[in-house]
Amino acid sequence: MTIEDDLANAMAAHVSGVEAAPNLGSTVRRRHRAHVIRLRVAGAALVTAAVAVALPAMVNFGEPANTSKTATGQDHVVIRNNVTVPDVTGRRITEAVQALRDVGLKAVLSGREVRDGKVITQEPAAGTVVAWGSPIKLAQLPSAPRPQALGDLGDGREFGGIRLTYLPAGLEWGKWSKDDVIGTGKSYTTSYQKPGVPEGEYSVQVIVAHGSSADALYNFMPELQVEIVDIGGRPARLSKDGDSGAAGGPSTPTIIWKLRDDVAVEVFISPGYAKEIDGLSELKKIAEGIRAIM
């Protein structure tokens, strides 16, 4: 007898008298099936997780994919498609912004903000296909003519409803302007200077006032050292001291007149620059060269 035979006999003796339950086979099979089902469910969950991780990387949103809860409490992915940019040129800014928002795009305004302005250019152009959520740059202009604080032609000589046709040689626009500087009506100012002048300083400054502000500007300068001169058939108040000199400050050559009954203009030259040129003569030339453009 071999060792294998001895082992088989010993195992037979150990289980002798043990009876298997009638349903043992089906119980074993059920347990096997349950084990297989658990493995399959776990495998499906792993596949689902892998898809959920990979999907956002394959969707061109322009921003992260959105997820929300279903009625069963599970997350689902909201897919955003690419968008064709609509044509919003010529439309009011508020309408253009809403039109872009309706298709899932964001409006970015450039230039000076105008409440009722209209879109003159857009970037990217209409018809371009972009990702959902992309920014669209809109440039705008006022919907109707009105005095402008900024120079229209890039040199600053046209602003506030006037155009300067003469300035002393060598001056350049200071590239700044300000609104509402005097009175309760519309008013504007900007300056011109020699190249290299420190920021914040000026050589020549101009103020334009409309409506009720025109009277406030015209009557602002004291009568001290004032000469009445003719500018375009209208009386102008010319002073070598201006309001600063009359108040005890540095003498600032100034001229003030009404271009029209409802538009007043003031031009003044900085004390330092006035010493380099014939200040009063240059003031008259500047004033005579100013034209109303509206």
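Model, not experiment: these values are computed from the prediction.
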Identify the two heavy atoms, one from A209 and one from I182, that lie closest to each other, and give their separation to 0.1 Å.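 A209 and I182 have their closest heavy atoms at CB-CG2, 4.3 Å.
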Distance-minimising heavy-atom pair for L283 and T254: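 Reported closest heavy-atom pair: CD1-N, 3.3 Å.
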[X]-[Y] side chain donor-acceptor pair, cut-off 3.5 Å:
X	Y	result
D180	S187	no
T89	D87	yes
T190	W176	no
Q205	T189	yes

Results of side chain to side chain donor-acceptor pair (under 3.5 Å) for E282 - residues two or more places apart only: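 If we apply the side chain to side chain donor-acceptor pair (under 3.5 Å) test to E282, skipping adjacent residues, the hits are Y166.
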Sequence-distant partners of D215, side chain to side chain donor-acceptor pair (under 3.5 Å), two or more places apart: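 Testing D215 for side chain to side chain donor-acceptor pair (under 3.5 Å), a comparison that skips the adjacent residues, returns K258.
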Taking [X] for the side chain and [Y] for the main chain, is one N or O donor matched with an acceptor at less than 3.5 Å?
X	Y	value
N82	T84	no
R237	Y218	yes
Q122	V88	yes

For residues F268 and Y202, establish whether the separation of their ring centroids is below 6.0 Å.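 Yes; Y202 has its ring centre under 6.0 Å from that of F268.
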Salt bridge present between E276 and K194 (N-O < 4.0 angstrom):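 Here E276 pairs with K194 in a salt bridge, since their nearest N and O are under 4.0 Å apart.
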Less than 4.0 angstrom from a charged side-chain N to a carboxylate O is my criterion; do D278 and K284 meet it?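 Answer for the salt bridge query: no.
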